[in-house]
Amino acid sequence: MAPRSRIDGNTDIEVPRYWYNIAPDLPRPLPPPIDPLDSDVSLINRLRELLPSELIDQEFTFERYIGIPREVRELYIEIGRPTPLVRAYRLERRLGTPARIYYKFEGVLASGSHKLNTAIPQAYYSYREGYSELVTETGAGQWGLALSIAGNLFGVSSTVFMTRSSYISKVKRVELMRKYGATVIPSPSNITRVGKGILDREPDHPGSLGIAISEAVEWVMDRSESRRYLPGSVMEYVILHQTVIGLEAIEQFRALDDYPNKIIGCVGGGSNLSGLAYPFYREYVEGRAKLPEIIAVESSLIPKASRGEYRYEHPDAYGALPMIKMYTVGRHYKPPAIKAAGLRFHGLASSLSLLIREGLVRVRAYDPDSVREAAELFYQSEGVLPAPESSHAVLAAIDEALEAKRRGEGITILINLSGHGLYDEDFFSG
Amino acid sequence: MDLGSRYGELGIYIPIAYPNPETFSRVIDESSRYVDILELGVPSKKPIYDGPYIRRIHRSLVSSGVDYLSVARSVNRSLDGVGAAVLGYYRDLLGDRYGSFDDLASAIDNLRCILIPDLLIEYTDHLETYIDKSRTYGIETCFFISSKFPYRLVSRLARYRPYFIYLGLQASTGSDLPIHLVRNIGVARKLIGEGVKLAIGFGIDSPEKLRKLLASGADIAFIGTEFLRRLSQGVDDAFGFIRSMHDALR
């Protein structure tokens with residue numbers, strides 16, 4: 001049999017000219033952010049001092065589609081969009097499944113992950129509004145690296161609070177962020193009141209995304225005239241930016257005359273799965289296609305969706321940001337230092353939580369050993385090393401493909417391979 | 001009230017019995033000179049969509065143990081020349097044990113509708129109960145929406161022909177985030193059509209803003225936090241402010 005191209009020339013499509021906002025199409029209203037009941041300070045109003053105005057507006061827009069600024073779209077093209085939709089022929093053969101497995105490979109982007117899709121517009125709006133320092137938190141470093149690159153593109157400096165466990169284990173990403181001029185600080189740190197307080201009590205604290213967010217917020221509040229806080233997930237506008245993934249994938253499937261029955265993505269805050277799946281949800285709402293089964297895959301060690309509660313909680317550990325309604329294990333949850341550090345966040349984006357609540361997204365949780373085995377199998381089959389986080393989605397796809405084999409069903413499975421694992425030197429180290 | 005050539009209608013929000021029953025009564029009495037509609041707030045232990053300023057007012061009213069139903073009844077006569085709507089949270093109005101929907105609907109003679117901001121966010125399945133209850137008391141319906149509401153739901157609400165649909169312009173009362181409000185009002189207007197009044201509120205604090213927002217497609221604007229802030233400094237200050245808002249609409 002003649003060899004087949006894995007991408008079938010499907011990167012010839014146009015990069016989208018708009019982002020898709022799912023709120024107008026949700027089955028229920030999205031609960032608004034709130035201030036804690038006992039607070040005399042409006043944390044909601046505090047967003048003015050933290051985020052660029054344009055991003056606040058996008059968070060609360062009533063529009064279904066938001067145009068992508070020309071400068072942002074051009075950068076999307078320059079950094080590698082559209083990303084390929086790859087058919088995993090060799091993995092299919094290895095599994096002996098009749099299922100067709102596709103992965104939307106965001107790992108080809110310049111930073112090695114999907115995070116650049118939102119880092120670029122966030123840096124762009126900050127730059128345009130005159131801010132000179134971008135501040136953020138990062139777990140595995142994918143978001144920190146993406147923002148460092150985006151900041152560098154606009155000549156704006158970046159300060160990244162990186163969870164201490166990852167700062168120690170993801171040496172390569174720390175180095176790469178610094179190459180782009182970022183200041184990378186292990187969190188908890190001794191440069192913020194939040195960090196100092198934690199280190200006083202527990203000098204070896206591994207850190208958490210919740211703590212790193214609190215430190216980043218404090219850092220911005222100390223000089224809000226020149227700094228802006230830019231989050232890598234959870235906010236609805238972050239998901240909005242990530243919808244370029246799904247909008248492209250729809251066009252690519254159209255060219256292939258195929259359509260996914262199942263869409264799978266790992267969930268930290270939820271932006272990569274949402275970015276891929278929401279445009280397909282729109283196709284369903286508008287009556288153009290059936291709704292694929294959407295599967296959110298989390299780590300069994302941070303079981304926010306499978307065992308957490310659906311309630312209001314702060315995104316950060318110290319309650320500096322407004323509360324949002326989400327599935328969460330609670331902001332004080334101390335997540336173990338897993339290799340898939342991007343999944344250590346304690347909650348899920350509000351819209352994704354609502355879809356899970358409504359039964360439109362299913363949840364699955366996997367243990368680290370099974371995930372690593374799946375990543376090895378994928379690597380050996382496809383020659384692509386998935387990031388530890390994305391490997392959760394790979395495992396779910398393998399399970400679904402094997403189930404399809406058992407049933408003899410030729411279904412189509414789509415994974416968001418949100419990043420490669422080449423910078424995760426600790427992934428296979430046990 | 002002579003509407004003349006007006007940009008739209010003006011309403012104020014005031015929690016029942018604030019700052020005390022006497023002053024509240026005076027505010028209600030005098031307000032018909034300046035406003036078209038009064039939005040009377042039911043004191044709540046959990047006013048989750050309100051900002052800190054209005055929450056403090058709710059806390060003080062709840063802890064004072066004021067009998068707000070009696071106070072509401074006592075101002076009936078003053079409501080003759082002005083429309084009235086009640087605003088309260090689901091738990092306080094339709095909650096199993098403490099719901100006062102029936103009492104309020106009977107207590108206020110000139111009541112047009114009862115607005116429950118969390119009805120469609122947290123208690124969507126109770127929409128029909130709310131509609132039935134409103135019909136039972138011969139009052140109209142009115143609905144709260146935000147920019148995070150599904151289009152289909154907003155259009156469906158308009159088909160109930162409510163007294164108004166209230167678009168919360170900000171994430172909470174008293175907020176002032178840089179949101180493109182004119183655009184959001186335009187979207188809401190398009191969804192509900194021309195036959196239903198579009199009310200707006202949250203963060204309207206100046207005559208210029210009021211005029212601009214009403215001109216962009218809304219029919220009624222409610223002033224809450226800023227009016228209450230002024231009221232805490234004195235009735236004259238509060239009415240001076242409302243007079244300036246009223247004049248801005250001419």
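In what follows, chains carry the letters A, B, and so on, assigned in the order in which the sequence lines appear, proteins first and then strands, with residues in each chain numbered from 1.
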_Among the listed options B/A171, B/G168, B/S146, the residue most often paired with chain A at heavy-atom distances under 4.5 Å_ = B/A171
*Checking B/N184 side chain against A/F60 main chain: does a donor-acceptor pair fall under 3.5 Å?*
yes
*For residues B/I121 and A/P31, report the shortest heavy-atom separation together with the two atoms involved.*
CG2-CA, 3.7 Å
_Show, in sequence, the C-alpha distance, side-chain angles and deciding distance for A/R28 and B/L120, and conclude whether the side chain to side chain contact (heavy atoms under 4.5 Å, CB included) test is met._
CA-CA 8 Å; A/R28 287 174 185 264; B/L120 296 163; over 6 Å; no
*Measure from the side-chain N and O atoms of B/Y151 to the backbone N and O of A/R64, and report whether any donor-acceptor pair falls under 3.5 Å.*
yes
*Would you indicate whether the side-chain heavy atoms of A/F62 and B/L167 approach each other to under 4.5 Å?*
yes
_Can a donor-acceptor pair be found, under 3.5 Å and without considering hydrogens, that links the side chain of B/R55 to the backbone of A/P36?_
yes
*asked:* Can you tell me which portion of B/E122 sits under 4.5 Å from chain A's heavy atoms? Options are side chain, backbone, both or neither.
replied: side chain
*Which bit of A/S39 is near chain B, if near means a heavy-atom gap under 4.5 Å: side chain, backbone, both or neither?*
backbone
*Is there a donor-acceptor contact under 3.5 Å from the side chain of B/K46 to the main chain of A/L37?*
no
_A/D40/B/R59 salt bridge by N-O under 4.0 Å criterion_ = yes
*Flag yes if more than 12 heavy atoms outside B/K209 fall under 6.0 Å of its NZ atom; otherwise flag no.*
yes
*asked:* Nearest 0.5 Å, please: how far is OG in B/S147 from CD in A/E59?
replied: 9.5 Å
*B/R183 versus A/D57: any side-chain heavy-atom pair under 4.5 Å?*
yes
_Do A/P32 and B/K148 have side chains that approach each other closer than 4.5 Å (heavy atoms only, starting at C-beta)?_
no
*chain A: which of B/L181, B/V187, B/T124, B/D50 shares the most heavy-atom pairs with it under 4.5 Å?*
B/V187
_Rounded distance (nearest 0.5 Å) linking atom CZ of B/R152 with atom CG of A/D25_ = 7.0 Å
*asked:* Heavy-atom pairs under 4.5 Å with chain B: which of A/Q58, A/E54, A/K325 has the most?
replied: A/K325
*Side chain, backbone, both or neither: which part of A/V41 has an atom under 4.5 Å from a heavy atom of chain B?*
backbone
_Part of A/E63 within contact of chain B (heavy atom distance under 4.5 Å)_ = both
*Check whether any side-chain heavy atom of A/P24 lies under 4.5 Å from a side-chain heavy atom of B/P150, and answer yes or no.*
no
_Residue B/R156 excluded, over 12 heavy atoms near CZ under 6.0 Å_ = no
*Contacting moiety of B/L153, where chain A heavy atoms sit under 4.5 Å*: side chain
_Donor-acceptor pair, side chain of B/D176 and main chain of A/N45, under 3.5 angstrom_ = no
*Minimum-distance pair of heavy atoms, taken over all atoms of A/I34 and B/I48*: CG2-O, 3.5 Å
_Among A/L26, A/N21, A/D35, residue most engaged with chain B (heavy-atom pairs, under 4.5 Å)_ = A/D35
